[in-house]
Protein chains: 2
Amino acid sequence: MSDTVTEPAPSSAAQRQSDRRTEILDAAERCFARSGFHRASMQDICGEASMSPGNLYRYFPSKEALIAGICERNRAEAVASFAMVDEAPNFFEGLAGLARHHLVDRTDAEVGLCAEIMAESRRHPEIAKLYQTIEGDIKERIAAMLRNGAKRGEIRSDVDFDAAAAVLMVLGDGMSWRRSVDPQFNAESALPLILQMIHCLLAKQDNKTGNCAGTSEKAAS
Amino acid sequence: MSDTVTEPAPSSAAQRQSDRRTEILDAAERCFARSGFHRASMQDICGEASMSPGNLYRYFPSKEALIAGICERNRAEAVASFAMVDEAPNFFEGLAGLARHHLVDRTDAEVGLCAEIMAESRRHPEIAKLYQTIEGDIKERIAAMLRNGAKRGEIRSDVDFDAAAAVLMVLGDGMSWRRSVDPQFNAESALPLILQMIHCLLAKQDNKTGNCAGTSEKAAS
DNA sequence: TCTATGAGAGTGAACGTTCATTCTCATTTG
DNA sequence: CAAATGAGAATGAACGTTCACTCTCATAGA
């Protein structure tokens with residue numbers, strides 16, 4: 001706007017705006033995780049962000065935009081977490097790390113927030129579209145990860161990679177929801193069995209001895 | 001109540017009442033599946049049931065009671081579906097039938113309704129309690145099914161049956177949510193892979209040749 | 001240096017709507 | 001007639017959103 005003259009604080013304003021937005025999203029995340037999307041009122045979020053409604057609406061045009069913003073942040077974080085797979089010594093350890101990170105290490109609040117977004121995407125078409133784009137992206141990355149693992153000879157190459165990616169997402173969603181809904185569910189102790197099943201689905205059979213069952217302790221790592 | 005005298009139409013009144021209740025629950029199911037629990041208003045449900053609000057409240061004291069009623073019906077249906085397992089020729093075919101019935105044959109509306117109930121149980125403590133009771137019951141039945149399969153020598157007997165039951169519920173929830181949330185997900189084509197994984201987890205290793213991967217077409221049935 | 005100006009961050013009461021629930025009254029049934 | 005069954009307008013609370021206004025503070029003019 002006023003860039004004809006010198007720029008005393010050019011990014012400062014934009015930075016302030018961006019900081020404020022993340023502060024608001026943080027507050028909204030806390031409220032949504034605590035009470036769910038429908039029961040968390042804008043007043044609650046305003047209180048959590050120490051801000052008046054009018055001012056909050058200067059940063060986000062609607063409640064829906066808050067979820068959309070949170071979705072985008074989660075997407076960025078999820079995408080980043082795929083980097084760890086490339087650093088792992090082999091396919092299965094990379095997958096195990098990814099699974100642990102997403103399904104065990106996350107706090108209940110984070111997992112609950114994901115559940116909330118999933119549930120919400122069943123209602124709001126806008127959210128649904130955004131969510132499906134993100135999930136499609138993630139599924140594509142998983143499939144690529146599988147193809148890569150096959151190319152490097154670490155997993156079978158005669159599987160339908162897209163179908164396998166879908167199955168992995170089934171497992172992820174299932175674990176998340178069980179955590180969200182069943183207080184007795186222990187993700188930590190379920191993970192080894194899950195990894196064992198995945199190993200069985202994807203590992204190359206070394207036709208003589210290698211039965212999938214034998215790898216359970218390994219997979220638990 | 002009035003059983004001191006003869007019973008000219010003893011069940012008639014109670015029967016009418018009960019019929020009306022199921023009609024209302026049917027209507028509510030349709031509305032909840034279509035719009036979700038929060039967006040389906042009592043007015044909508046009244047319209048769907050061709051009934052006035054005042055009258056509907058004579059049969060159910062609150063909106064929450066409607067979900068509770070639907071939960072109970074679902075529980076009854078789920079419990080009944082376990083009967084088919086006993087009629088199956090062996091454990092894995094019984095499990096496959098159960099899985100197909102719950103995860104493939106169900107309509108989108110039925111699956112969506114389950115998703116709705118799960119999401120709702122995250123908010124309403126009353127619903128959460130009811131839901132957890134039901135899920136605990138189902139998990140117990142699955143564990144019993146596993147123990148029975150082991151006793152008959154059809155599956156391994158050195159697995160933690162409760163943990164395995166939890167994993168099976170993870171798979172069920174995951175499939176349901178993927179169906180609810182991802183229009184591209186095809187439960188029909190994912191099921192064989194799922195069953196293959198389960199087979200690998202539970203089948204007795206016939207120490208020489210039997211690798212789980214070989215059973216994929218069988219398990220697909 | 002001191003005041004005037006203006007932009008935009010921030011406020012919180014108020015609005016219009018939606019919704020679950022209740023109240024009042026009519027109709028049917030036994 | 002009395003009780004059960006039904007209809008539908010009314011109620012009151014809660015919510016997302018808006019609006020008229022204030023506060024803060026950097027720069028411009030004197």
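Every chain is numbered from 1 and lettered A, B, ... according to where its sequence line falls, protein lines coming before strand lines. These numbers come from the heavy atoms of this one structure, side chains and all, not from hydrogens, waters or symmetry mates.
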query = Can A/Glu48 and A/Arg34 be counted as an ion pair, charged N to O under 4.0 angstrom?
reply = yes
request  = Looking at every strand, decide which applies to B/Phe60 at a 4.0 Å heavy-atom threshold: base, sugar-phosphate, or nothing.
outcome  = nothing
inquiry  = For a quick check of understanding: with a heavy-atom distance under 4.0 Å over all strands, which category does B/Ala40 fall into, base, sugar-phosphate or nothing?
reply    = sugar-phosphate
inquiry  = Can you tell me which nucleotide in D/dC15, D/dT17, C/dA20 comes closest to the side chain of A/Ser41?
reply    = D/dC15
ask   = Is any side-chain nitrogen or oxygen of B/Asn55 closer than 4.0 Å to OP1 or OP2 of D/dT5?
value = no
query = Whole-Å distance between C/dA13 C1' and A/Tyr57 OH?
reply = 15 Å
task = Grab the CG-P distance between A/Leu56 and D/dC15 for me, whole Å please.
result = 16 Å
request  = Answer yes or no: is there a donor N or O on one side and an acceptor on the other, between the side chain of B/Arg179 and the main chain of B/Leu103, under 3.5 Å?
outcome  = yes
request  = Mind checking B/Ala65 for me? I need base, sugar-phosphate or nothing, with any heavy atom below 4.0 Å counting as a touch.
outcome  = nothing
request  = Could you work out which one of D/dA4, D/dT18, D/dG16 sits closest to the side chain of A/Met42?
outcome  = D/dG16
inquiry  = Measure CZ/B/Arg39 against P/D/dA14 and give the value in whole Å, please.
reply    = 20 Å
ask   = Which whole-number value in Å describes the distance from B/His38 NE2 to C/dT17 P?
value = 23 Å
ask   = Between B/Glu116 and B/Arg39, is the closest basic N to carboxylate O distance under 4.0 Å?
value = no
ask   = Counting only side-chain N and O atoms of A/Arg20, is one of them less than 4.0 Å from OP1 or OP2 of C/dG10?
value = yes
key: Close side-chain approach of A/Phe91 and A/Asn148, heavy atoms under 4.5 Å   = no
task = Rounded to the nearest angstrom, tell me the gap between atom CD1 in B/Ile67 and atom C1' in C/dA20.
result = 13 Å
task = Determine: side-chain N/O of B/Tyr59 to OP1/OP2 of D/dG6, distance under 4.0 Å, yes or no.
result = yes
Side-chain donor or acceptor of B/Glu110 paired with backbone N/O of B/Thr107 under 3.5 Å = yes
remark   = Side-chain atoms of B/Ser52 come closest, of C/dT11, C/dG12, D/dG8, to D/dG8
